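Small disclaimer: the values here were computed from a predicted structure and weren't measured. All values below come from the heavy atoms of this structure, side chains included, with hydrogens, waters and symmetry mates left out.
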Amino acid sequence: MIVVSAASGALGRLVVERLLTRLPADQVVAAVRAPDRAADLAALGVDVRHGDYDDPASLRSAFAGARRLLLISSPELAPDRRTRQQLAAVEAAAASGIRAVAYTSFLGADRDGGGMNAAHHATERAIVNSGLGYTILRHPFYTEAFVHAGLRAAAEAGRLVSGTGGRGLNTALRTDLAEAAVNVLTDDDHLGRGYDLTGPLWTYPQLARELGDVTGTKVEYHEDAGAATGPMAFLEGLARAGALERQTDDLRRVLGRPPTSLRRAVQDALGQVDPS
């Protein structure tokens, strides 16, 4: 039996759905903070259990009887609380008889324990030192943060703006990362490994071209480092500094196929399927 923590989130739901193509529903457990908000998963035949990162006892109950756990990182942003939550989940896994944990970490967390990677770094160390079997899945930023239905407005205006300096972004789609997680959870060959999962490198000028080709309109790219605000300004700053250009072949190897292309991501985001 495989249990997925934080299963009611966007990534968790995708993992559960894909696990059901490999395993009977009674072999899949969805651990969620609020079971009443996961009625759709229960309708699929999945065992939905209460598992709250702030309630270690609930985690032990949620993990009971499972042999593998996908520990999806907490959405909590405060490093101290996030670390506390995730270490509690690792302890609960060991106490519940889980044999192997796959953890969704972040790129660079194996090397850097500062800033946004503090909780990831601590959790990776705790898992490795726990005696449990493990696989570390270090994610990049999600492609969906950049490629989404809102691009239709840019296509209609014929103008796509970013402050990335034309530098590359190594993002990956949640669907690819969910499939990679399922492959890891169902294959012992991945035990004891850490994967740095990156999608195909792309740039905003390339995105403008793809957007134009998909919609059949001319879309010009414009650089403006001051246009974005909030989280997007932070992400564009990282890209402009070249911090999102690291590439590995790990995602391709775990998937057993090339990661989804930028063209297909744009098509999916805009609901336009290539007839070919």
- [ ] Taking the side chain as every heavy atom from C-beta outward, state whether Ser8 and Arg33 have any atom pair closer than 4.5 Å.
- [x] no
Open item on the list: Just so I know, are the side chains of Leu207 and Phe146 near enough to count as touching, which here means a heavy-atom distance under 4.5 Å?
Closed with: no
Open item on the list: So Leu191 and Thr135, do their side chains get closer than 4.5 Å, heavy atoms only?
Closed with: yes
Task: Check: Ala172 main-chain N/O paired with Thr143 side-chain donor or acceptor under 3.5 Å - done: yes
- [ ] Determine, for Arg13 against Asp40, whether the closest basic-nitrogen to carboxylate-oxygen distance falls under 4.0 angstrom.
- [x] yes
Open item on the list: A side-chain contact here means heavy atoms from C-beta on lying under 4.5 Å apart; do Leu19 and Thr186 qualify?
Closed with: yes
- [ ] Fit a plane to each ring of His190 and Tyr195, take the angle between them on a 0 to 90° scale, and name the class: parallel (under 30°), tilted (30 to 60°) or perpendicular (over 60°).
- [x] perpendicular
Open item on the list: Is it the case that the side chains of Arg253 and Asn183 hold a donor-acceptor pair, with the cut-off being a distance below 3.5 Å and no angle test?
Closed with: no
- [ ] Indicate yes or no: at least one non-hydrogen side-chain atom of Leu137 is less than 4.5 angstrom from one of Leu177.
- [x] no
TODO: Please tell me if the side chains of Leu151 and Leu160 come closer than 4.5 Å, counting only heavy atoms from C-beta onward.
DONE: yes
TODO: Evaluate the side-chain proximity of Asp250 to Arg138: yes if any heavy-atom separation is below 4.5 Å, no if none is.
DONE: no
Task: Expected output: side-chain Gln85 to main-chain Tyr53 donor-acceptor under 3.5 Å - done: no
- [ ] Run the salt-bridge test on Asp268 and Arg264 with the 4.0 Å N-O cut-off and return the result as yes or no.
- [x] yes
Open item on the list: Tell me whether Glu220 contacts the main-chain N or O of Arg159 through its side chain, where contact means a donor paired with an acceptor under 3.5 Å.
Closed with: no
TODO: Could you tell me whether the side chains of Asp52 and Ser58 share a donor-acceptor contact shorter than 3.5 Å?
DONE: no
Open item on the list: Counting C-beta onward and ignoring hydrogens, is there a side-chain heavy-atom pair between Arg82 and His120 closer than 4.5 Å?
Closed with: yes
Task: Main-chain N/O of Thr198 paired with Asn170 side-chain donor or acceptor, under 3.5 Å - done: no
